[in-house]
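Each remark here refers to the structure printed beneath this line.
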Protein chains: 2
Amino acid sequence: MTMNNGAGGRRRPPTIHDVAREAGVSRGTVSRVLNGGHYVSPSAAEAVNAAIRRTGYVVNRHARSLITGRSDSVGFLLTEPQERFFEDPNFNVLLRGCTQALAAHDIPLLLMLAGTEDERRRITRYITAGHVDGVLLVSSHSGDPIATELREAGVPLVACGKPIGIGSKVSYVAADDRDGARDMVRHLLAQGRRRVGVVTGPLDTPGGVERLAGYREVLAEAGVDYDERIVVSGDYSRASGEAGAERLLAQAPDLDAVFVASDLMAQGVLTALHRAGRRVPEDVAVGGFDDSPAATAASPSLTTIRQPWDRISNEMVRVLLAQIGGEDPAAVILPTELVKREST
Amino acid sequence: MTMNNGAGGRRRPPTIHDVAREAGVSRGTVSRVLNGGHYVSPSAAEAVNAAIRRTGYVVNRHARSLITGRSDSVGFLLTEPQERFFEDPNFNVLLRGCTQALAAHDIPLLLMLAGTEDERRRITRYITAGHVDGVLLVSSHSGDPIATELREAGVPLVACGKPIGIGSKVSYVAADDRDGARDMVRHLLAQGRRRVGVVTGPLDTPGGVERLAGYREVLAEAGVDYDERIVVSGDYSRASGEAGAERLLAQAPDLDAVFVASDLMAQGVLTALHRAGRRVPEDVAVGGFDDSPAATAASPSLTTIRQPWDRISNEMVRVLLAQIGGEDPAAVILPTELVKREST
DNA sequence: CTGCTGTCTGTGAGCGTTCACAGTAGAGAA
DNA sequence: TTCTCTACTGTGAACGCTCACAGACAGCAG
């Protein structure tokens, strides 16, 4: 492969015109080869491909976008407050999965952080101006104004986790939180635990609501009365798990298990239990949620619910591209899996 | 602010032409206002700005890029093997910092992952075709072919951490690894420790080499002979820290301190020490590096060296933009800080 | 009056691509 | 033959913007 620009300075890159001349055909034919190769004779296609190889031609996406009106890029929009982004390993897995799934379609991912009101406004403008074809939205908190704005502007949008409080017609991909919670609580009961507390996520997030719902369903199934003294809420942070466990222990010293709505919070719970002199799992069993690196890092390692992050990111990209292609919004719910470790 | 396209479908956005008509001036004048406002009368500028507000105009970057030859976007390129990306919290902080620093200049960040050879080739093409104006490179391993390729293609490039084995003329921003290591080892000696082992990073990374060098310098200063039985290498992963500590204990049971080249590895070291029945810090003091979330998450919490990630990301962006603007490559080295916690 | 600055403004051209259209050639049917 | 159909190819015209240029007008000097 001989690039026509030697090492060193940045020469002007070859255009479709150069390729056409090199291949002895017209711009149109080259363009057709570039876009699927329909209505092109095999010999012409061959010549064009050879010319592309020889010249090192790469399509100028700006020129293409200018006329097609599409940017062939998508945004990955994060509206969480900053700390969560750092703390939560799930974001990383998701981000990486989406980047790779998009790369397979040759679509670059633009990372966008909208933490402040100001950033939110700028980014909304940027997106609605058509600089991306669609948006992968990571923001589970309800009432997020940006989701509504984008939806109303007709921007293809896929959320991670079921958005609360937004009209239906917005696509989302989520793990089956409720079912995962059910599995975990059933598992705890099957171990002979009878006094199972819970540390939920924020109740304005689907993960907060659904996992609590699963917990209540299984207890009801088992004929255990719902006792709100052993239900506390956290914000998915480690510190909030620690605080939550302390409240639980104070309100119900006879606790013999805790279902925690995230691994990070579960780490905090372990710390608090340790400080209170309770052994895990002998005295108190602890079940987490996410199967993040925190789960194996914890000691004892955490029994948890695995969220299928790789599938989630793949599905998000698939649904988004379908929507960009004109299909209707869709909701995808993926199964979770119980992972047994030392803490139960 | 009245957008001329109501909620619902995606109407065609206003062009510079619409703004010109609305303001009663020519395209040229609008363009001048958009690009700094030189040679524009105050009244014309006022009219244009009002028209922009009224129409909700946002510049079409594709059209602009087509003619300027610049994309007004930069790539954030990750060439680490995938696991590190997950495990290492530093990447997140860096990614976030760079995204924000760029956003302040209204420049979007394109996230690029080049884990496999295939991805590497595709991304190199994409970049050298001019689809980004510059690249923020995160890949500390030496001999990374992509850095050399990009440099030779004349693409503005700033690495995070000093690249080893590449000709000089590549910009980088790094924490002062050697000095940080010196601080930590001095701190350990000041605590009365006499037998200080070390778990280094990979010795083909600057962090691996420099931190070890700092360790050796301080020991030499203190008149302690270098003993290679208490020097082991890890790969920055938690597991490698655990394995490293086990080797250290086997080779030198009289160890009373360990300097570990990353917090994550230090977590592993803590695990191994705990299993071996050594108390931290009573029997063995442990010093980490990074001041990542892992440092506070560990128990006991880790004394560590803080890397100024916020400043690093800011500097990377600043140096990159300067280079895009035509300035010469530059190297920036930033000071670290010793953070004392429970482990020493 | 002419000529020279300097500031400000409008206009045509063109960036590299796709799209619509017109046109060619060859195969098969009438 | 002639007409139609299909497969293929080339050509202008956009897309929305910036840039270079030319022109207008004012102020001031000669």
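Every chain is numbered from 1 and lettered A, B, ... according to where its sequence line falls, protein lines coming before strand lines. In this text the structure is predicted, and so the values were computed from the model without any measurement.
A/S65 places a side-chain N or O within donor-acceptor distance of the main-chain N or O of A/R70, the cut-off being under 3.5 Å. No donor-acceptor distance shorter than 3.5 angstrom exists from the side chain of B/D72 to the backbone of B/I107, with no hydrogens or angles considered. Checking side-chain atoms of A/T79 against main-chain N and O of A/A114 turns up no donor-acceptor pair under 3.5 Å. Of the possible polar contacts, one joining the B/D18 side chain to the B/T15 backbone as a donor-acceptor pair under 3.5 Å is found.
Residues B/P13 and B/V58 have side chains not in contact (no heavy-atom distance under 4.5 Å, counting atoms from C-beta outward). For the pair A/V132 and A/V155, the minimum side-chain heavy-atom distance is 4.5 Å or more. Under the 4.5 Å side-chain criterion, counting only non-hydrogen atoms from C-beta, A/T124 is not in contact with A/Y126. Between A/V135 and A/I146, every side-chain heavy-atom pair lies at or beyond the 4.5 Å cut-off. Looking at heavy atoms from C-beta onward, B/L136 lies in side-chain contact with B/L102 at the 4.5 angstrom threshold.
Protein chain B contacts DNA chain D from D/dG16 to D/dT18, reading 5' to 3' and using non-hydrogen atoms of the protein with a distance under 4.0 Å.
Contacts between residues 30-52 of chain B and DNA chain D, defined by a heavy-atom separation below 4.0 Å, involve B/S31, B/N35, listed by number. Only A/L66, A/I67, listed by number, bring a heavy atom of residues 58-69 of chain A to less than 4.0 angstrom from any atom of DNA chain D.
The separation between A/R70 atom CZ and C/dG16 atom P is 23 Å, rounded to whole Å.
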Taking it one step at a time, do B/R122 and B/E119 satisfy salt bridge (charged side-chain N to carboxylate O under 4.0 Å, His left out)? CA-CA 5 Å; B/R122 214 218 349 260; B/E119 291 172 344; 5.4 Å; no
